[in-house]
Chemist: 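Here it is: the structure, laid out below.
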Amino acid sequence: MTDRQLLVTAALPYANGHIHIGHLVEYIQTDIWVRFQKLRGRKCVFVCADDTHGTAIMIRARQEGRPETELIADMQAAHERDFAGFDIAFDHYGSTNSVENYELCKEIWKSLRQANLIAERDVEQLFDPVAGTFLADRFVKGTCPLCKAPDQYGDNCSKCGATYSPTDLIDPISTLSGAKPITKSASHLFVELEKMHPFLEEWTQSGKHLQPEVANYLKGHFLGNPLRDWDVSRPNPYFGFAIPDSPNNYWYVWFDAPIGYIASTWQWCKRNNRSLADWWQSEATEIHHFIGKDITYFHTLFWPGVLKSAGYSLPEFVHIHGFLTVDGEKMAKSKGTQVLASTYIRHLDPAFLRYFYASKLGPKLDDIDLNVTEFINKVNSDLVGKVVNLASRSARFVESVGLAVEYPHDGGLFAAAAAAGERIASAYEQLDYARATRLIMELADQANAYVENTAPWTLKKDPTQQHRLQEVCTIVLNLFRQICIYLTPVLPRLAQQCGDLLNVKIHHWNDSQTPLVGTNVSKFEHLLQRIAPEKVQAMIDESKEATPATTSETPASTGFNDTGDALLAEPMAPTCTIDDFTKVDLRVARIIKAEEVPEAKKLVKLTVSLGGDNTRTLFAGIKAAYTLEQLQGRLVVIVANLQPRQMKFGLSEGMVTAAGPGGTEVFLLGIDSGAVPGQRIH
RNA sequence: GGCGAAGUAGCUCAGUUGGUUAGAGCAACGGCUUCAUAAGCCGUGGGUCGCUGGUUCAAGUCCAGUCUUCGCUACCA
């Protein structure tokens, strides 16, 4: 049993963006589990890698005018810096764009071929005649062929969860150019997942590898129907690996990304002179994947199917977590709640976030909430007020004499806390960190009560009680050390500091079972600073400023600093002629009445005047961004000749122009003073 | 409206297979203490466990219905 070794992975971050505190939920959760296993003495390897391929990377590199390899190298360096800043200790951090990954992709591909799971057939495929490229997955939108939900991406439906090929979409549109794609015939390669249906049914429903909610979800959404063939090739141009036996075709990023888990392990094996087969093709190794709920399908159906047929070990467990909300709401750049890891680290100690997440994380898929006030209270109260305070209020008394040579009678406190170790360990093991931290804080409460009852500060004043003082502090510091040991997976730096203070390092969970005696006690220094609310606010403010929104004052010396993100989010439309443009009649209009639509979440009803008696009623999705008062009376630019559209709450006779991604980030077009309603925009 | 999740003290949550007066932490209030990073200790207040009905000797815990909230989506033309 103890001979079994663990291989742990966290999801591969995509090389198209920076790590933020939402991502960190997963990496911290995983890192805690890995550190716990290592502290328990289990052989455990933690691997991860950057996910580097795909159209998004290709397009971005193209827009930045540099090779993809340069882009992904920069991003990988940034990711690794961020992780290091939060003490996420990977044994190896690789890249899916590696020779090892390519080798493995080829090998696994061969296995799939041999297992007769690859179907090759010419399919009608969508092609963007403007951009001159085939359109894949996220670059085509349209109506879901199953549930008819509009505006769905080409790989799966966010509404009904169905997966399909982009060509199955109804009324597709290229998000690259906005052009209507034409269909072209191209050779395509599919994994026939349905052939593995019985296996996947058994594996997912065995109750051993997935959280019960996840198993139910799969059963209800996928396993009740035949599994669709999985399109794993993308035609040139594409940034990825060329498929050796299929000229002009590349593997789709989701094919090589999970194989990156194996490739990264392989790189680790090479460095450490190990055999990859011991980790990925051996009963002796348990594989644990940690992922977010958004990528459940790939990791619980597609990936096990590939592993099974290619002769690799199946995951022992796929641990799935929820998302992060901040103050009960989805993270938003506009509110400064989408805090980048690099921004956080400039203002606050990573230990705070690690502890806070630990205190909130359970084994379920529930989203966890970061309430700013609770964050400050909890960290200050638990870590500073309770835990660190134990050392702070006892270490100084024994700086000169050290710990007693024999552990004194403590009324069973140490033994009770030692016994609690197994309950805490079990909570960690089951990913119930909230329970683990709660149990640990109980120990801290008991220890603080002990200090209160023995009153070392009184003993200090009595020359005859100096030995007793040493005994009391020996007990308190041992209780403190036990707590540090139990918190080591969450707070590795604190464990280190505890080792420095008492001059014996913490190596193993079982160090909590034996009291430390006779060692020197170093000069006490503060182990953690309390969180100052101003620092949290500063972090949030900085996160707001980090958004692409232009500021009115721009430093003359540095010039403008607008990022390309907005353009990237919404690529340029194809060239149009002046005739095309004049078809659109843009007019200045005044909002003469702005009304609430109570049942609508996004819409506001506007009555606008084009001057004189010419008024229009129109609906605009700006409810979250503007108050009725702000709208009342202001001039806007509207598309005046747009075909009226029947909406749920009435007929909309035009469209208000605005920029921004939506939600609270909508910015209406204004016009310089002098313009009057009815004037046309030329 | 659809899909998903959830509704337990001011806040964040625990409450095993239904079983004695429903718990914790934080916050609040009162007192004590001063070793400690205005930290600590003791104590108090506060919940008709969303609502209604049902099953049961017994329901926060099971069933039905209902309401509400959150996320995605439908409405951002």
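Reminder, nothing fancy here: chain letters follow the sequence lines and each chain counts from 1.
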Chemist: Tell me: CG of A:N371 to P of B:C13, nearest whole Å?
Modeler: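 Interatomic distance, CG of A:N371 to P of B:C13: 9 Å.
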Chemist: Heavy-atom nearest nucleotide on RNA chain B for A:S394 versus A:K360: which residue maps closer to 5'?
Modeler: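 Nearer the 5' end of the strand: A:K360.
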Chemist: Pairing check on B:A28: which nucleotide meets the Watson-Crick or G-U wobble criteria with it, both distances under 3.5 Å?
Modeler: B:U44
Chemist: Which word best sums up how the rings of A:Y428 and A:Y433 line up, parallel for under 30°, tilted for 30 to 60°, or perpendicular for over 60°?
Modeler: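 Plane angle between 30° and 60°, so tilted.
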Chemist: What interatomic distance, in whole Å, is found between C1' of B:C70 and the corresponding atom of B:G23?
Modeler: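 Result for the C1' pair: 26 Å, nearest Å.
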Chemist: Starting at CD of A:E452 and ending at C1' of B:G43, how long is that distance when rounded to a whole Å?
Modeler: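 In whole Å, B:G43 C1' and A:E452 CD are 14 Å from each other.
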Chemist: Give me the distance, rounded to whole Å, that separates B:G1 from B:A58 when you measure between the P atoms they each carry.
Modeler: 37 Å
Chemist: Quiz question: by atom type and distance under 3.5 Å, do the side chains of A:T325 and A:D369 form a donor-acceptor pair?
Modeler: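 Indeed, the side chains of A:T325 and A:D369 share at least one donor-acceptor pair under 3.5 Å.
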Chemist: Using Watson-Crick or G-U wobble geometry with both distances below 3.5 Å, tell me the partner of B:C13, or none.
Modeler: B:G23
Chemist: Consider the side chain of A:V388, meaning its heavy atoms from C-beta on, and name the nucleotide among B:C26, B:U37, B:U34 that approaches it most closely.
Modeler: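 Out of B:C26, B:U37, B:U34, the nucleotide with an atom closest to A:V388's side chain is B:U37.
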Chemist: Just to be sure I understand the rule, does A:F323 reach a base, reach only the sugar-phosphate, or reach nothing, if contact means heavy atoms closer than 4.0 Å?
Modeler: nothing
Chemist: Can you tell me, in whole Å, how much space there is between the C1' of B:U33 and that of B:G43?
Modeler: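 Comparing C1' positions in B:U33 and B:G43 gives a spacing of 14 Å.
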Chemist: Tell me what A:L528 touches on the nucleic acid: a base, only sugar-phosphate, or nothing, going by heavy atoms under 4.0 Å.
Modeler: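 It contacts base atoms.
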Chemist: Expressed as a whole number of Å, how far does the C1' atom of B:U52 sit from that of B:U48?
Modeler: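 Nearest-Å result for B:U52 against B:U48 at atom C1': 14 Å.
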Chemist: May I have the distance from A:D294 (atom CG) to B:U73 (atom P), rounded to whole angstrom?
Modeler: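 Rounding to the nearest Å, CG of A:D294 and P of B:U73 are 13 Å apart.
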Chemist: With A:Q430, which residues qualify under side chain to side chain donor-acceptor pair (under 3.5 Å), at least two apart?
Modeler: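 Side chain to side chain donor-acceptor pair (under 3.5 Å) check on A:Q430 returns A:S426, A:R435.
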Chemist: Roughly how many Å is it from CG in A:L365 to C1' in B:G71, rounded to a whole number?
Modeler: 14 Å
Chemist: Look only at the side chain of A:T657 and the backbone of A:V637, and say whether a donor-acceptor pair between them is shorter than 3.5 Å.
Modeler: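 Side chain of A:T657 to backbone of A:V637, a donor-acceptor pair under 3.5 Å: yes, one is there.
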Chemist: Does B:U52 have a Watson-Crick or wobble mate here (both distances under 3.5 Å), and if so which one?
Modeler: B:A64
Chemist: Does any part of the side chain of A:Y344, heavy atoms only, come nearer than 4.5 Å to the side chain of A:H20, both counted from C-beta?
Modeler: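 The answer is no, as the side chains (C-beta and beyond) never meet within the 4.5 Å cut-off.
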Chemist: Can you work out whether A:M655 or A:R396 has the more 5'-proximal nearest nucleotide on RNA chain B?
Modeler: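 With A:M655 and A:R396 compared, the 5'-side residue is A:R396.
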Chemist: Could you tell me how far B:G4 sits from B:C42 if I compare only their P atoms? Round to whole Å.
Modeler: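 Each nucleotide's P atom is 47 Å from the other's.
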Chemist: When you get a sec, tell me which of B:G25, B:G40, B:A14 is the closest nucleotide to the side chain of A:R393?
Modeler: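 Selected nucleotide (nearest to the side chain): B:G40.
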Chemist: Mind checking A:L390 for me? I need base, sugar-phosphate or nothing, with any heavy atom below 4.0 Å counting as a touch.
Modeler: nothing
Chemist: When the C1' atoms of B:G25 and B:G65 are considered, how many whole Å apart are they?
Modeler: 36 Å
Chemist: Considering every strand shown, what is the Watson-Crick or G-U wobble mate of B:U34 when both distances are under 3.5 Å?
Modeler: none
Chemist: Between A:K386 and B:C26, is there a side-chain N or O to OP1/OP2 distance below 4.0 Å?
Modeler: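 So the side chain of A:K386 is within the cut-off, an N or O lying under 4.0 Å from OP1 or OP2 of B:C26.
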Chemist: Can you tell me which nucleotide in B:C42, B:C35, B:U37 comes closest to the side chain of A:A449?
Modeler: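 Of B:C42, B:C35, B:U37, B:C42 is nearest to the side chain of A:A449.
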Chemist: Hunt down the Watson-Crick or G-U wobble partner of B:A5, both distances under 3.5 Å, from any strand shown, or write none.
Modeler: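 B:U69 - that is the nucleotide pairing with B:A5, both distances being under 3.5 Å.
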Chemist: Give me the ring orientation class for A:W33 and A:F290: parallel if the planes are under 30° apart, tilted from 30 to 60°, perpendicular past 60°.
Modeler: tilted
Chemist: Under 4.0 Å, counting only non-hydrogen atoms across every strand here, what does A:V639 touch: a base, just sugar-phosphate, or nothing?
Modeler: nothing
Chemist: To the nearest Å, give me how far apart CZ (A:F619) and P (B:A77) are.
Modeler: 11 Å
Chemist: May I have the distance from A:E442 (atom CD) to B:G25 (atom P), rounded to whole angstrom?
Modeler: 8 Å
Chemist: How would you label the contact of A:N389 with the nucleic acid (heavy atoms, under 4.0 Å): base, sugar-phosphate, or nothing?
Modeler: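 Counting heavy atoms under 4.0 Å across all strands, the contact made by A:N389 includes a base.
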Chemist: To the nearest angstrom, how far is A:Q446 atom CD from B:C42 atom P?
Modeler: 11 Å
Chemist: I want to verify a distance call: between B:C35, B:A77, B:C41, whose nearest atom is closest to the A:D445 side chain?
Modeler: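 Of B:C35, B:A77, B:C41, B:C41 is nearest to the side chain of A:D445.
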Chemist: Knowing that exactly one of A:T437, A:D349, A:D382 qualifies, which makes a side-chain hydrogen bond (donor to acceptor under 3.5 Å, both in side chains) with A:Y355?
Modeler: A:D382
Chemist: Would A:D462 and A:R468 count as a salt bridge (charged side-chain N to carboxylate O under 4.0 Å, His left out) if you check the C-alpha gap in whole Å, the side-chain angles of each, and the deciding distance to 0.1 Å?
Modeler: CA-CA 10 Å; A:D462 183 346; A:R468 179 63 187 147; over 6 Å; no
Chemist: Could you tell me the separation between the CD atom of A:Q529 and the P atom of B:A39, rounded to a whole number of Å?
Modeler: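 It is 14 Å, rounded to the nearest whole Å.
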Chemist: Kindly point out which of B:A14, B:U37, B:C35 is positioned nearest to the side chain of A:F397?
Modeler: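 Nucleotide nearest to A:F397's side chain: B:C35.
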Chemist: Sticking with atom P, work out how far B:A24 lies from B:G15, rounded to a whole angstrom.
Modeler: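 These two P atoms come out 15 Å apart once rounded.
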Chemist: Could you tell me which nucleotide pairs with B:G18 by Watson-Crick or G-U wobble geometry, both distances under 3.5 Å, or answer none if nothing does?
Modeler: none
Chemist: What interatomic distance, in whole Å, is found between P of B:A22 and the corresponding atom of B:U61?
Modeler: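 B:U61 and B:A22 have their P atoms separated by 14 Å.
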Chemist: Just to be sure I understand the rule, does A:R530 reach a base, reach only the sugar-phosphate, or reach nothing, if contact means heavy atoms closer than 4.0 Å?
Modeler: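 The residue A:R530 makes base contact.
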